[in-house]
Amino acid sequence: MERLTSPPRLMIVSDLDHTMVDHHDPENLSLLRFNSLWEHAYRHDSLLVFSTGRSPTLYKELRKEKPLLTPDITIMSVGTEITYGNSMVPDHGWVETLNNKWDLGIVKEETSKFPELKLQAETEQRPHKVSFYVDKSKAHTVTKELSQRLEKRGLDVKLIYSGGMDLDILPQGAGKGQALAFLLKKLKTEGKLPVNTLACGDSGNDAELFSIPDVYGVMVSNAQEELLKWHAENAKDNPKVIHAKERCAGGIIQAIGEFKLGPNLSPRDVSDFLECKAENVNPGHEVVKFFLFYERWRRGEVENCEAYTASLKASCHPSGVFVHPSGAEKTLRDTIDELRKYHGDKQGKKFRVWVDQVLATETTPGTWIVKLDKWEQSGDERRGCTTTVKFTSKEGEGLVWEHVQQTWSEESKVKNDSSWII
Ligand code: GLC
Ligand code: MG
């Protein structure tokens, strides 16, 4: 958050499973579309918040499985754990407020009296969250009875039913909505209240997100019955909440457009972006577009025409150097020549490229340093490189690639780095 010097233009607070992530799409297309849009148009001045029911353990697993961006803030375990930044620094202040009228021992004792409740995995039991599976047909009666019993024992809890199977028991002050309200308050005191906030979700535990004042909301097209029912009963007349026509991240992009929150054309939806180069002298855009081109080139989705590579070479400084993660150096122009040989080598294969945390800084007038993480998924293997690009630009001319340097990301255990091009 420190990187922002003024209030964020947009804060997206999104659920992950079946909202940001479409588990029915093995290609992750809508997520990849969202990713390019975010890095292209929002990363530099906006905040990305993930708000998931998952514990830190299952959240980290999902990150390995899916091409998720790195959020600025991560809210896990149904709003009971808030962390900041890449190193996920916990908000201890938030945790303290959750101890009010909460006693894990009593919750465990009372719930053990209900044979209908099946305890979820150990990783999902957290200091302020106890989770079960319960059959849809029994959920209503069980929740009612259980909440009365816990109240009698002096606790003030919240029971949330999600996805037609999960029952979470949390302190009354917890939940995704309360966590968002807490975050907004915190940002406000820091003078960084977002200009707009968009909450995105699909299931019961997301309902609270849509009742926070002044927040736009999108229920993705594939939203669960329990969320749509909650909406019909509680928020039907709120024009700031829509039920999208598109699934998952596609619905988020749709909502950005409908609420006019900013650009909503993902670079992935533009077929020929090298054409519109001249008008654009934004170094962050340049990098997003280049790696998208790189993916399409290797997938054989762009024509193998000389004009493309010639235009790329023309935008590289003649003596510009690329430092490969192996440490080997060659000129940028030679690197483009090498790329030419790989046209279509990933055709029909599982091959995707995405960039994360693209941040550009103008170091001296006309000189830019862009830092980003570049990821490449090839079959079942995923590799990433921390990448630094230096650009220069002269009045009236486009950006010139001066230098590119890559080092393997910590998560990438690379045995053979010869197959990595850039
Ligand atoms: C995630 C969590 C689970 C929780 C569910 C609904 O799936 O892993 O513990 O019950 O979200 O909030
Ligand atoms: Mg969900």
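Indexing begins at 1, ligand by ligand and atom by atom, following the structure's order.
- For ligand 1, the atoms sitting less than 4.0 Å from at least one non-hydrogen atom of E124 are 2 (C), 8 (O), 9 (O), numbered in the order shown with element in parentheses.
- Residues P171 and K158 approach most closely at O-CB, 4.0 Å, considering heavy atoms.
- The nearest protein atom to atom 3 (C) of ligand 1, hydrogens excluded, is given as Q120 OE1, 3.2 Å; this is a heavy-atom distance.
- For atom 12 (O) of ligand 1, the closest heavy atom belonging to the protein is D168 OD2, 2.5 Å.
- Smallest separation of non-hydrogen atoms from K64 and R382: O-NH2, 3.1 Å.
- Scanning both residues, S46 and L10, for their nearest heavy atoms gives CB-O, 3.0 Å.
- Ligand 1 places these atoms under 4.0 Å from at least one heavy atom of K129: 3 (C), 9 (O).
- Of the protein's non-hydrogen atoms, G53 O, 3.2 Å is the one closest to atom 2 (C) of ligand 1.
- Taking the Mg ion (ligand 2) as reference, the nearest N/O/S atom within D15 carries the name OD2.
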- Task: Evaluate the criterion salt bridge (charged side-chain N to carboxylate O under 4.0 Å, His left out) for residue pair E376 and K346; output intermediate values, then yes/no.
- Result: CA-CA 12 Å; E376 196 170 296; K346 298 288 182 186; 6.0 Å; no
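- The closest heavy-atom contact to atom 7 (O) of ligand 1, among the options T123, N205, T57, D166, comes from D166.
- Within D202, the N, O or S atom lying nearest to the Mg ion (ligand 2) carries the name OD1.
- Nearest N/O/S atom of D17 with respect to the Mg ion (ligand 2) is recorded as O.
- Relative ring orientation between Y294 and F291 is described as perpendicular, the plane-to-plane angle rising above 60° on a 0-90° scale split at 30° and 60°.
- Short contacts between ligand 1 and R54, defined as distances under 4.0 Å to a heavy atom of the residue, involve ligand atoms 1 (C), 2 (C), 8 (O).
- For D202 against D17, the heavy-atom pair with the smallest separation is OD1-O, 3.2 Å.
- The structure places CD of E225 at 4.5 Å from NZ of K136, a figure rounded to the nearest 0.5 Å.
- Interface of V78 with ligand 1, defined as ligand atoms under 4.0 Å from a residue heavy atom, comprises 12 (O).
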